[in-house]
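I have placed the structure first, in the form of structure tokens, so that the comments after it can refer back to it.
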Amino acid sequence: MDFNFTEEQEMLKTSARDFLEEECAEKLIRDVEAGDQGYSPDLWKKIAELGWLGLVFPEQYEGAGMNVIDLAVLYEEFGRAMFPGPYLSTVILGGMTILEAGTEEQKSEILPRIARGEQIVAMALTEPESSWGMQAWDPEGVTVAAVADGDDYIIDGIKLFVHDAVCADTFLVVARTKSGADPADGITLFLVDAKSAGISITPLRTVAGDMQCEVIFDKVKVSRQNIVGALNGGWAPLDKSMKVGAVMLCAQMLGAGEKLLELSVDYARTRIQFDMPIGINQYIQEHCVFLLRDVNGARWSTYLAAWKIAEGEPCDFEVAVAKAWGSDAHERACWRAHQVHGGVGYTVNDGVLPLYSRRGKTYQLYLGDTAYHKEKIAKELEGWPAPQVPRGKPLGLWEGIPENWIPEWWDTYDKG
Amino acid sequence: MDFNFTEEQEMLKTSARDFLEEECAEKLIRDVEAGDQGYSPDLWKKIAELGWLGLVFPEQYEGAGMNVIDLAVLYEEFGRAMFPGPYLSTVILGGMTILEAGTEEQKSEILPRIARGEQIVAMALTEPESSWGMQAWDPEGVTVAAVADGDDYIIDGIKLFVHDAVCADTFLVVARTKSGADPADGITLFLVDAKSAGISITPLRTVAGDMQCEVIFDKVKVSRQNIVGALNGGWAPLDKSMKVGAVMLCAQMLGAGEKLLELSVDYARTRIQFDMPIGINQYIQEHCVFLLRDVNGARWSTYLAAWKIAEGEPCDFEVAVAKAWGSDAHERACWRAHQVHGGVGYTVNDGVLPLYSRRGKTYQLYLGDTAYHKEKIAKELEGWPAPQVPRGKPLGLWEGIPENWIPEWWDTYDKG
Amino acid sequence: MDFRFTEEQEKLRTEIDDFFLDNLPSDYRPRGQRGQTMEQYKFWMDLQRKAGAKGYLTPGWSKESGGLGLSDMEQGVVMEETSYWGAAWPGSQGIRVCGPPLHVFGTEEQKSKFLPGIAKGEDIWYQAFTEPDAGSDEANVSLRAVEDGDNYILNGQKTFITAPGQGDYLYTLARTQDVTPKHRGISLFLIDAHSPGVSYSALPTLGVFTVDIFFDNVKVPKDRLLGELNRGFYHAMVTFEFERSTTGGGAGARRGMEELIDFYRNEKPNGKPLLENPAVRDLLADRAIEMELVWLQGWFAAWHFSQRDKLGSPPPEAGGLHNKVVSADRAKQLIDAMGLYGQLRRGSKYCKYEGRAAGSWEVSRSTHPAGTIEVNKIVLGGRGLGLPRIPAKFNKEIRAAIEERG
Amino acid sequence: MDFRFTEEQEKLRTEIDDFFLDNLPSDYRPRGQRGQTMEQYKFWMDLQRKAGAKGYLTPGWSKESGGLGLSDMEQGVVMEETSYWGAAWPGSQGIRVCGPPLHVFGTEEQKSKFLPGIAKGEDIWYQAFTEPDAGSDEANVSLRAVEDGDNYILNGQKTFITAPGQGDYLYTLARTQDVTPKHRGISLFLIDAHSPGVSYSALPTLGVFTVDIFFDNVKVPKDRLLGELNRGFYHAMVTFEFERSTTGGGAGARRGMEELIDFYRNEKPNGKPLLENPAVRDLLADRAIEMELVWLQGWFAAWHFSQRDKLGSPPPEAGGLHNKVVSADRAKQLIDAMGLYGQLRRGSKYCKYEGRAAGSWEVSRSTHPAGTIEVNKIVLGGRGLGLPRIPAKFNKEIRAAIEERG
């Protein structure tokens, strides 16, 4: 057991914080929100130069060869800085899926372009029916079909809540190519050029102010060569990337939560009302104390999940725990920070609090909310073995013993 | 609208409080709990003399002819004093059901005996399967059959969680005499002499320390004359009494809650720690404030439900609201009172707090817990009509208006 | 005990209900000053004038003041129906907040000048109390009013002032004396909103639309002082009493319930009405319970107030606090039960239930209007339950000790 | 970062696990000192001695003291497995609470006299700190120790003293000097439980079994003073540090989860396993999350402690507080999901899951052991987060002002 970050991780953290404080200030975030691209091309170029876009790609694809724990360190800073942009879409759901399942050709063509900041990918999974809830992130929810047509496939249907669709060069479309008893069997991933005929994109207005879209695929033709992974076998690699994505959302919430805690404690200590710092009130202290709890709980559950992924160990339980806790904890953390700040966080334009709060809603919902991941946890628990039975002879000591208040040894004890 | 209690009600309240403070002190409650009858015959006789056992019966049956609101006033005091005994079983579930549906002969024989304290009735409804949850208090849960056998019926099966079975002279057994699409159709109520052959009773050990039992009916013979109400039509009158019972449990929780609030505020003001009354702590104040909320919410929802019953108006919604809120609020109130009292409420034998807390669990579960009554509320809401549509011409003013932060009038306002 | 309304009250209820049924368009949606269009605003101003002409805005005020002279309980009925229909009166603050103390403390001249404009729905008032350093600490007013001949000259700032429409008058607390305790040097002024030197800037919040108001040598005639000089804080307390009591909450919640149930009934993902979803049923039941309790406690308060000569001041009541505390939970339940759709704002493609899930969630972030949850709890624990608190006289000393300690 | 245990640690874990697998009966149920029968008590005393003989009770203590001389992290492994098996050591307080400060402050004589008895599982200690007026306010000790030749004479009372078995020694705070601030006049004593003048009475609580202890001219030799005279309160703080840190919580919760899942899997009302019930799944998921977090934070704390020379004191941590706060919710979920069966006590006919739903619900009424929730919050806000608090020196004055006001 070792809870230390490596020196490299510490360096990444520090340099990311410094860079983002400078380059990703509140104004930029608000400008991106007000704009229609969902990201800042300028900032995107800068982080490409820093090597962040290729952070987890192997060096042969112009990456830095770092792992998912390192990525989580970066994401913590993304969360703190509310970094806007298609990183999760492009690098994780796009790039890491291609890295996992793509052909050598796909990898060597696309990954370096992603790393250089020259290609943006958006993953299109969720659909109108599935967006209501539990099936959004499960293969059951995928009904948009891709039908073979010679060397091509024709994709037809609507994908909803597609992040970063407007700025994407390429869609990674999750489509159904076969139906059967196992819903995961029959899902195929297609790389679709965003400029293909038949694609139309409508941004949705979300409370987070991020860039989620409706993408209509109207008989869009895509070459068989653009399949990522096996025909009908797309779910497994996608699921793997989505798990990484979920953990990165946790890291993002962790970073945001840390900042909210700092802001709240600072405000509690310095804001004067009734001639006293408001932090003198236990009602205010309580918010800070529980903020601490919510943030602390998020930290190691996030890094444990990241570590499990990095080690290639089974991680379903850990990812679900991290995202289930992280999402709820972040919701509470935002609320508590608002309560500490009273009217200050109540304004729309002034201060970062409402921004954190609104962004938080996307982090919570994206790739599965608390209810979704709690059900995943319950599924894991179903598989737990029965408790171990000791090997000693049965003694009959614990059968039908009534629940008395006073232990029997008391009767024989010398009570003076 | 009038929230006043009548003069009679105020008198009943005062005299009940005085009487119970004297006659139903902590020692008696603990003695009853330690005993094996579940009540105090002496106290039972005294309240018969006070006329409380016939309170809601008409004068012709030696009753006082008072109504359900008056009964709630008495029950509030029962709750405050933690009055133990088979009142709900005997007078409400037994007596009021007979009053509602019994023959004139049954009424004139039994009701005066109840009023005089000479007959104790226990209602046997819940069964092993239904006791798990939602069907406990619904006709679906009734499977114990009564089969016709000449002029008799033979009842065979197990009833569980039968309150006050050990001291009962008579059981009001809820049995199935017909199966069909409507589970309520086919339920018949039987008055069964507790000394009938084939009945065996085993008290269960509950956290409340009250007297709930398993009652096995092993081919128990009961005369057709002992049916209360119509054959197959027993559910309706029973349901009516159970609603009264549920509201009385609410009143009981209200009275207990009022006492818990008093105890807590008093303790917060007088207990000194760190040279200060502990009530100086906002953490302690908060408990008191929410106790106030829980008790206040219980008051008028209880009396509204009682009033609806007394007026003979539809009351399903109001009863469910009162019991759903009341049960949860009481659970919270007990917990908060414990928190205020710290270690004091933690002891088993000393002080009334653990007693209130444990008794509370029965009040919460009996005749439907919060989840049960919330589902009843949801059922009622399903039946709500669509919102009224105004008669004015459509103006198209509210269609697709985006959610902007700044109203348009602001543009034309003279901002100085 | 009687939970029935009188026949007259029921008749009045029908009358008010008919007023709204006749005057609201069939496609009416009862919500939202936020993001109001000009057309919506004008609609409400028109309807407000119509209601004012009938005395429905201020049913409890005397006929001379533009009201109907109704009793407390009947006022409650009018308020209840008005809330049911979610009438977004731009003049709401004049009606509910400024009017009552004007009745109590105003001169005859002030009353005849100001009350009819409020009652008729012509004038819009802002209650301008909050300042950057006088939020919860309402007595820490530093907007300064200095005597100057027949006028007071005001300098300073107000903030977070709810602006439900184009304001005509400001109901304002200003400091007229430097004194300890601070609340003994504050006075109330009735100020023309467009007096020279008054200026505004937008301060939109997650909830209602609010503004900053700046006072730069604003001249206010002495006859615009309300009540006694330096007694303004105490007068204003009367305002708070009114602001915090209502019979409308339950009815407003009822209309919201009806609409929500209707939405859940008709929205059928995968062919199954959302109304069958257990999380939805749970949410609805919770809201129904709270609606019922708000309704009961609102009427209990109104009834108690109507009997104030006999019953005195009302017992402490924490229902409002409870609802504030659970509002975040309810908003979360609502948005959670909508899956990914929950995050969509009104006006977005695919937005469900008019984006109210996202809207109410966002508003629930902050529960400070009419006092934060924390201040509510402090007031209830202290004034309500008589629990001890640290006398304010120690504050300065304690603060010094804390600062010394670092 | 590495969440893996070393091979040696895994070997140690297996060794401990085997100890329990071999020595526990197959019908073992890992719970409950409450209502313990004599047979159960004797079983635990025997097993405690067996574990003590192997050094498993105090793995971190030196071999001379009866331990294994293991590192902090390895101690954590032993504690984890011990907790997994829910070992109800009657000597737990000696092991966890009294032993550590004895190591730090004891004389060589004291150490060699007392430590082996604890380590071998022979002696049972009570930590006797709490008094009727010294609960949260731990410094308000009034058990009085007066010097008398070679002895101290003790008079007074302790209360709520957890008694997991037949006590041999008392680890006690007593007042040796009247002084302000109060915590500067308190000393620690190691007292024979059966000294003349010591008497006990039962004080069973909703949670553990506790006792009152009365001191009537109890003579305690001077060599039974632990550490410095009048420094006992500060020495005891070390005890609190130990008492409040653990790696066992997660593992104990894990065994509980396994048993609970097993129960839900096998109980099938109406033919459907309870494990499919949504409320049950919700409860299990909540508990699983908390179990995982407790496990992680327990190990983080152990790791941080093991690196204390490099890392200094640990960052503030509110996980324990969180678990206290939610314990009432979890207990409520558990009892609620059992319908009417939830209320049945252990030993009752029809009782399910050994009555643990009722048992844990009852215990959850009160969360005061190791400090109430309120005190936890105060400590975390103040010492943890550095938020301001009212300096204690004002308390008396404030109290006087409150009392004057009435």
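Proteins come first, then strands; the chains are lettered A, B, ... in the order of their sequence lines, and each starts at number 1. Quick caveat: nothing in here was measured; it's all calculated off a predicted structure.
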Taking it one step at a time, do Lys332(D) and Glu331(B) satisfy salt bridge (Lys or Arg N to Asp or Glu O under 4.0 Å)? CA-CA 9 Å; Lys332(D) 185 172 184 306; Glu331(B) 169 81 10; 5.9 Å; no
Gap between atom CZ of Phe161(B) and atom CG of Leu344(D) - 0.5 Å precision: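 Nearest 0.5 Å value for the CG-CZ distance: 4.0 Å.
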How far does CH2 of Trp361(D) sit from NZ of Lys361(B), to the nearest 0.5 angstrom?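 Output value for this atom pair is 5.5 Å.
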With a 4.5 Å cut-off on heavy-atom pairs, point out which of Glu286(B), Gln135(B), Met276(B), Arg336(B) contacts chain D the most.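 Result: the option with the highest number of such pairs is Met276(B).
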Count the heavy-atom pairs under 4.5 Å between each of Ile284(B), Thr362(B), Ile272(B) and chain D, then report the option with the highest count.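 Highest number of heavy-atom pairs under 4.5 Å: Ile272(B).
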Contacting region of [X] [heavy-atom separation from chain D under 4.5 Å]:
X	answer
Thr370(B)	neither
His341(B)	neither
Ala371(B)	neither

Which atoms form the tightest heavy-atom contact between [X] and [Y], and what is the distance?
X	Y	value
Val207(B)	Arg345(D)	O-NH2, 3.3 Å
Asn395(D)	Phe274(B)	ND2-O, 2.9 Å
Pro277(B)	Ile402(D)	CG-CD1, 4.5 Å
Thr202(B)	Lys349(D)	CG2-CD, 4.1 Å

Taking the side chain as every heavy atom from C-beta outward, state whether [X] and [Y] have any atom pair closer than 4.5 Å.
X	Y	answer
Ile278(B)	Glu374(D)	no
Leu160(B)	Leu340(D)	no
Pro354(B)	Arg365(D)	no
Ile378(D)	Asn281(B)	yes
Asp275(B)	Lys182(D)	yes

Among Arg205(B), Arg358(B), Gln364(B), Gln212(B), exactly one meets side-chain hydrogen bond (donor to acceptor under 3.5 Å, both in side chains) together with Gln343(D). Which residue is that?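 For Gln343(D), the side-chain hydrogen bond (donor to acceptor under 3.5 Å, both in side chains) test succeeds with only one of Arg205(B), Arg358(B), Gln364(B), Gln212(B), which is Gln212(B).
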Would you call the rings of Trp132(B) and Tyr341(D) parallel, tilted or perpendicular if under 30° counts as parallel and over 60° as perpendicular?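 Tilted.
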Close approach to chain B in residues 265-274 of chain D, criterion heavy atom under 4.5 Å: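 From residues 265-274 of chain D, the residues near chain B are Glu267(D), Pro269(D), Asn270(D), Leu274(D).
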Could you work out, with side chain to side chain donor-acceptor pair (under 3.5 Å) as the rule, every residue matching Lys159(B), not counting sequence neighbours?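 Counting only residues at least two positions away or on another chain, Lys159(B) forms a side chain to side chain donor-acceptor pair (under 3.5 Å) with Glu127(B).
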Which bit of Asn140(D) is near chain B, if near means a heavy-atom gap under 4.5 Å: side chain, backbone, both or neither?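 No part of Asn140(D) comes within 4.5 Å of chain B.
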